[in-house]
Amino acid sequence: MFRPNPGVVASVVLINLLLSLVANPAFAHGGSYRGPRGNPGGDPSPGPLGGPGATPGGAGPGGGTTPGRGGGGGTGYERWENWWGFNQDPYLQLKSHLLARSLNTENQDYSLGKADERNEKTTINFRNELLEEKIVPALTEALRDSFFDVRAAAVIGLGKVGRPSDLPLLMRSLSDENKRVRESTALALGILGNEESILILTEILNNTATARRVLGRSEILTRTRAFAAVGLGLSGVRNPHRSDEIVSILTKTLRVDESQEDVAVCSALALGVMKNERALPSLIQTFRDGSRSDILHAHVVVALGKIGNPAALPLVHEAFRSKSHHVVRSGIIALGLLAHSADSYSVKLLENWLQKGPESLGKGWALVSLGKIGGPQARKTLLHVLATDQKWRKTYAALGLAQIALKNEGVSDAARVHRVFQDLKGDSAPAAFSIALGLMKYKPAAADLAALARDKGDPDMRGYSAIALGLMGAHEHSHVIRELLTERREPIVQRFAATALGLLGDPTAVPLLLDLLRNAKTEYAMSSAANALGQIGDDRAVDPLIRILRDRAGTPDLARANATTALGVVGDRNLLPPFHGFATDVNYVAQVDALNELLTIR
């Protein structure tokens, strides 16, 4: 019988809090969008520099500040919430927090702060039997559900549980009548990552007769093939001994010139996630191929940055001479991954873009990359922007300075960030500074953040302040965050508050969320509570989630899909969400259909 390590399961259960909680409840695949409300691809010049483009803004899924709200965060695509929404996973590290500290979820009077003082050792009441006796059977049953999004969430959940014995179930789902379920199954096979998964994913990617027979299709859709490339990338990470072979498979696909480049783009993304230097020649060759699209070139540049070999720096520098915003922005991202503090040329490239670049989003990303590079010159530039520039650029400068603090260079400008934060008013800028102060773990700011969380103004700002309190470990203000969780008229505040309590390891979130679930009046509120319960993962959450999943008559289908997703999170064996490597440092405005869909999946 499958017996996961209880400590790993318990913390795996709790850590994805922010991931699905900062976003609206599920859309396709039982997932949830990572970015803010508003179209992250609202790029005013998606093609050549100075070329025509779309108007920023527009309605879209997610959980950040609405584009068009004036001032501090910019006006749409360049807002800092976009960057945070896609990059938050490694910064939150919720599961790692919980691995280091177990919780006793049965003790309703438990106070984490007092436990620190008593130096007590506590444990999460999570039984391995929940997987075998409840979670896996419920997910297996959900594979036969009439609603496609429940089935899609169930296959992803089974992939996260990671039992090789479930491979036959996943293989059967490859022939599901709904394309989203087939796509999700390709991803689930990648999460599972065993030898058999690699074989069938390769067949799907190459659109072979064998794959068409397994899927029961005369032709395999482009997005399904693209997701097979993603699945192979995940499999390569899980199976280093197969990495070279998978690189060979993906690079062959990279060279195929198709009218729709989703497959090639996802192959490039997968190669970046795998970080295998054997991919460098093919990636460089693809970038040199002038017949390929700027979108593909952009994702190739980021993949080179993620692989991390400094030999790729000349090509990244070359990207700054491109006429495409997409390619230049990717060069900006890649420099933050490749360059070091003594690389004055790379630092100067970013500084020149800040001064002379023709568009805003790249300037924001340049400030973050300068922080990742670090060093005296980068720090000087960031402090100058923090003191003198436009408010929306100051948000990125604060986040860049947080990167320097995270590098443990013995330098922290948290006190300066805090002073600027105290003078900010309105819109989303104070929220960005809250996150920066949280990342810097600057406890002197905790009282100000708690006051902002209690304020009855902008719900996003209050929520981000709560997350910042969680990031800095401000246990003395956990009561403020618990109060936010009870605000029934502000579901977004509830989701952020649940994230913050997860960061603080506060088990009192569970009974509060159960109460929210029992009294939810709308599908949105019910879905939010279900997602939060799944992220926190206490055993008391499992039975209510299963009841929601099975209540076909009384519960909206979308809420049932969210409950299914939540059950998969409870059983997840990964320390980080399985697709975090694709979302982190992604050029999220260089859009293709498959990438947009992938970024909705947790």
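Side chains are part of it too, since the values below use all heavy atoms of this structure and drop only hydrogens, waters and symmetry mates. We number each residue from 1, following the sequence as shown.
Between the side chain of N309 and the main chain of A312, no donor-acceptor pair closer than 3.5 Å is present. Proximity of a side-chain donor or acceptor of S175 to a complementary backbone N or O of R172 within less than 3.5 Å is detected. Judged by distance alone, the side chain of H326 and the main-chain N or O of L296 form no donor-acceptor pair under 3.5 Å. Looking only at distances, a side-chain donor or acceptor of T565 sits under 3.5 Å from a matching main-chain atom of A561. Of the possible donor and acceptor atoms, none in the side chain of H580 sits under 3.5 Å from a partner among the backbone N and O of P90. Remark: the backbone N or O of D593 is paired with a side-chain donor or acceptor of D262 at under 3.5 angstrom. Put simply, the side chain of S243 never gets that close to the backbone of N239: no donor and acceptor are under 3.5 Å apart. Judged by distance alone, with hydrogens and angles left aside, the side-chain atoms of T251 form no donor-acceptor pair with the main-chain N or O of L254 at under 3.5 Å. With H297 contributing its side chain and A319 its backbone, the two residues share no donor-acceptor pair below 3.5 Å. A donor-acceptor pair under 3.5 Å is formed between the side chain of K441 and the backbone N or O of L471.
With a 4.5 Å cut-off on side-chain heavy atoms, I295 and E261 do not count as touching. For the pair L187/L598, a side-chain contact is recorded, criterion being any heavy-atom separation below 4.5 Å from C-beta on. Between N207 and E219, some side-chain heavy-atom pair lies under the 4.5 Å cut-off. In this structure, T253 and L205 have side chains that are in contact, with non-hydrogen atoms separated by less than 4.5 Å. Considering only heavy atoms from C-beta on, D543 comes within 4.5 Å of K134 through its side chain. No side-chain heavy atom of M274 sits under 4.5 Å from any side-chain heavy atom of I307. Annotation: side chain of E183 is not in contact with side chain of R225 (no heavy-atom distance under 4.5 Å). Looking only at side-chain heavy atoms (C-beta outward), V136 and E132 stay at 4.5 Å or farther from each other.
Between W365 and Y588, the ring planes are perpendicular. Angles over 60° get that label, and only those under 30° would be called parallel.
Of all the heavy atoms in G162 and P164, the pair that sits closest is O-CD, 3.3 Å. Looking at every heavy atom in both residues, P310 comes nearest to P314 through O-CD, 4.1 Å. Across L545 and A566, no two heavy atoms sit closer than the pair CD1-CB, 3.8 Å. Of all non-hydrogen atoms in A226 and C266, the two that sit nearest each other are O-CB, 3.4 Å.
Each of L335, L337, V302 was scored for a side chain to side chain contact (heavy atoms under 4.5 Å, CB included) with V316, with one residue passing: L335.
N587 and S330 share a side-chain donor-acceptor pair at under 3.5 Å. Defined by atom type and a distance below 3.5 Å, a donor-acceptor pair is present between the side-chain atoms of S197 and N194. In this model, no donor atom of one side chain and acceptor atom of the other lie less than 3.5 Å apart for T584 and N87. Under the 3.5 Å distance criterion, with hydrogens and angles disregarded, a donor-acceptor pair is assigned to the side chains of S346 and H317.
Taking a cutoff of 4.0 Å between a charged side-chain nitrogen and a carboxylate oxygen, R550 and E141 qualify as a salt bridge. Remark: D585 engages K372 in a salt bridge, criterion side-chain N to carboxylate O under 4.0 Å. For D145 and R560, the salt-bridge test passes: some basic side-chain N is under 4.0 Å from an acidic carboxylate O. R180 and E597 are joined by a salt bridge, as a carboxylate oxygen and a charged side-chain nitrogen come within less than 4.0 angstrom of each other.
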Under the salt bridge (Lys or Arg N to Asp or Glu O under 4.0 Å) rule, what do R151 and D176 come out as? Steps first, then yes or no, please. CA-CA 9 Å; R151 302 196 302 276; D176 192 279; 2.8 Å; yes
